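Residue numbers run from 1 in the order of the sequence given. Predicted model, so just to flag it, every value in this text is computed and none were measured. Computed over heavy atoms, backbone and side chain alike; hydrogens, waters and symmetry mates excluded.
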Amino acid sequence: MKIVNSLYSSFKNEEKEIKYSYRLTEESYLNGQAFGIEVEKQDIVDGEVVAIERDYIEKISNIEDKVRELLSLIHNYQVSPVHLVDILGEYVDNYVVDFN
């Protein structure tokens, strides 16, 4: 897996800082390429990472622009790893035809 692009966001509340990383990934698949998305959330307290959550959807589409749009969507709405599949599941189901 190769990381093609990364987007970041963070915010602070009274207790901790929360950092999100949104990554567009690429891997070889069926004599071509497939693009996926990884989301990571870090909880930081007093400068130290106290928790990390991560989820990944591989092989969403072989059309990079489609997956870049999804990456932008989840970045804009600060989607957490816990909700990644809930938000993108229907898109992923529809994009499976791209591999035909």
Roughly how far, to the nearest 0.5 Å, is [atom2] of [Y] from [atom1] of [X]?
{"X": "L88", "Y": "I57", "atom1": "CG", "atom2": "CD1", "value": "5.0 Å"}
{"X": "I3", "Y": "E26", "atom1": "CD1", "atom2": "CD", "value": "12.0 Å"}
{"X": "S9", "Y": "K41", "atom1": "OG", "atom2": "NZ", "value": "11.5 Å"}
{"X": "Q78", "Y": "L7", "atom1": "CD", "atom2": "CG", "value": "12.0 Å"}
{"X": "E17", "Y": "K12", "atom1": "CD", "atom2": "NZ", "value": "5.0 Å"}

Can you find a pair of side-chain heavy atoms, one from [X] and one from [Y], that are under 4.5 Å apart?
{"X": "E58", "Y": "Y29", "value": "no"}
{"X": "E90", "Y": "N94", "value": "yes"}
{"X": "Y56", "Y": "P81", "value": "no"}
{"X": "D43", "Y": "E15", "value": "no"}
{"X": "F35", "Y": "I60", "value": "no"}

Return the minimal non-hydrogen interatomic distance between Q33 and N62, and the atom names on each side.
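What the structure gives for the nearest pair is O-CB, 3.1 Å.
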
Considering all heavy atoms, the nearest I37-L84 contact
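Result for this residue pair: O-CD2, 4.2 Å.
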
Is it the case that K66 places NZ or CZ above or below the six-membered ring of Y95, under 6.0 angstrom from the centre and within 45 degrees of the axis?
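So K66 does make the cation-pi contact.
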
Does atom NZ of K19 have more than 12 heavy-atom neighbours, drawn from other residues, nucleotides or ligands, at distances under 6.0 Å?
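Counting other residues, nucleotides and ligands, NZ of K19 stays at 12 neighbours or fewer.
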
Between S61 and V67 (side chain of the first, backbone of the second, donor and acceptor by atom type, cut-off under 3.5 Å), is there such a pair?
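Looks like no, no N/O pair under 3.5 Å.
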
Got a donor-acceptor contact below 3.5 angstrom from the Y22 side chain to the V79 backbone?
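The answer is yes, because a donor-acceptor pair under 3.5 Å joins these two groups.
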
Linking I/L/V/M/F/W/Y whenever any side-chain heavy atoms sit under 4.5 Å apart, do [X] and [Y] land together?
{"X": "V85", "Y": "Y77", "answer": "yes"}
{"X": "Y8", "Y": "L71", "answer": "no"}
{"X": "F11", "Y": "V82", "answer": "no"}
{"X": "V92", "Y": "V4", "answer": "yes"}

Throw together a table of side-chain donor-acceptor distances under 3.5 angstrom for residues 44-55, partners on residues two or more places apart or in other chains.
residue, atom, partner, partner atom, Å
R54, NE, E40, OE1, 2.8
R54, NH2, E40, OE1, 2.4

